[in-house]
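Here's a structure for you.
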Amino acid sequence: MDSTDISSDLTEILYTKDQIDARVREVAAQIDADYEGKNPLLVGVLNGAVMVVADLSRALKIHCEMDWMAVSSYGSGTQTSGVVRILKDLNTNLEGRHVIVVEDIIDTGLTLTYLMQNLASRDPASLKIMTMFRKPEAIQSPLEIAYVGYDLPNRFVVGYGLDYAGRYRNLTDVGILSPHIYA
Ligand code: IMP
């Protein structure tokens, strides 16, 4: 679905499919240069990062592998609680691997701070973060984010993997959700 299919649900379109595609290709080119010959493992954080991992991995010209984690932040609606539980762990042993954690969005960074500590304890050769979107609060978090797609305003957005109550992940553009949807 694109924004014309659900136009009354959005107050503003922030990034179109074409803008997202172009930025993913730029980030992929950086990763190609940084990881040549290293066969990085892309760790996608379910469910939101499905779109980013699918597009980023195909835009890479180097070999990579993929694995997935699912975490629950115990939040619902539009707020993050910061309490994290691992619902699905990796199948891959990280020891000696070059790992890139791929996220759809980093807001407070609480979810990923927990996850990074957990993954670092598994002795990867290197551990970096790629996020498609970053909100202003993330900049104050202690997380070092190696690759960022786009910065977002501090609003609740949907599309390109980002959901509200499970919906809108399949929206190809990214936009601000109209308050009448969650009021
Ligand atoms: P953090 O722990 O505050 O960085 O939140 C990260 C998680 O909150 C993301 O993986 C999303 O699931 C969710 N999230 C934060 N902001 C948004 C948003 O604007 N739209 C949809 N989900 C969001």
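Indexing begins at 1, ligand by ligand and atom by atom, following the structure's order. Keep in mind that the numbers below use all heavy atoms, side chains included, and drop hydrogens, waters and symmetry copies.
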Exercise. Which of the atoms in ligand 1, numbered in the order shown and given with their element, are less than 4.0 Å from a heavy-atom of Thr111?
Worked result: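 Atoms satisfying the 4.0 Å criterion: 1 (P), 2 (O), 5 (O), 6 (C).
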
Exercise. Any chance the side chains of Asp2 and Thr4 put a donor and an acceptor closer than 3.5 Å?
Worked result: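 Result is yes, a qualifying pair exists.
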
Exercise. Does even one non-hydrogen atom of Gly109 get within less than 4.0 Å of ligand 1?
Worked result: yes

Exercise. With a cut-off of 4.0 Å, which atoms of ligand 1 are near a heavy atom of Arg155?
Worked result: 19 (O)

For this session: Step by step, work out the side chain to side chain contact (heavy atoms under 4.5 Å, CB included) result for Leu87 and Leu46.
Result: CA-CA 10 Å; Leu87 302 176; Leu46 294 170; over 6 Å; no

Problem set entry | Pairs satisfying side-chain hydrogen bond (donor to acceptor under 3.5 Å, both in side chains), at least one member in residues 135-149, at least two apart | Asp34-Tyr147

Seminar exercise, completed: If you compare Asp104, Leu162, Asn154 by their heavy atoms, the one closest to atom 10 (O) of ligand 1 turns out to be Asp104

For this session: Kindly indicate, with the supporting measurements, whether the criterion side chain to side chain contact (heavy atoms under 4.5 Å, CB included) is fulfilled by Met116 and Leu127.
Result: CA-CA 8 Å; Met116 292 300 279; Leu127 181 60; 3.5 Å; yes

For this session: Show which atoms of ligand 1 fall inside a sub-4.0 Å distance from at least one heavy-atom site of Lys135.
Result: 16 (N), 17 (C), 18 (C), 19 (O)

Problem set entry | Any Val157 heavy atom less than 4.0 Å to ligand 1 |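 Yes, Val157 has heavy atoms under 4.0 Å from ligand 1.
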
For this session: Evaluate the ring planes of Phe156 and Tyr182, with Trp represented by its six-membered ring, and classify them as parallel (under 30°), tilted (30 to 60°) or perpendicular (over 60°).
Result: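 Perpendicular, since the angle between the ring planes exceeds 60°.
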
Exercise. Excluding sequence neighbours, so at least two apart, what forms ring-ring contact (aromatic ring centres under 6.0 Å, His included) with Tyr168?
Worked result: none

Exercise. For atom 11 (C) of ligand 1, which candidate among Asp163, Thr131, Leu177, Ile105 holds the nearest heavy atom?
Worked result: Ile105

Exercise. Has Glu103 got any heavy atom lying under 4.0 angstrom from an atom of ligand 1?
Worked result: yes

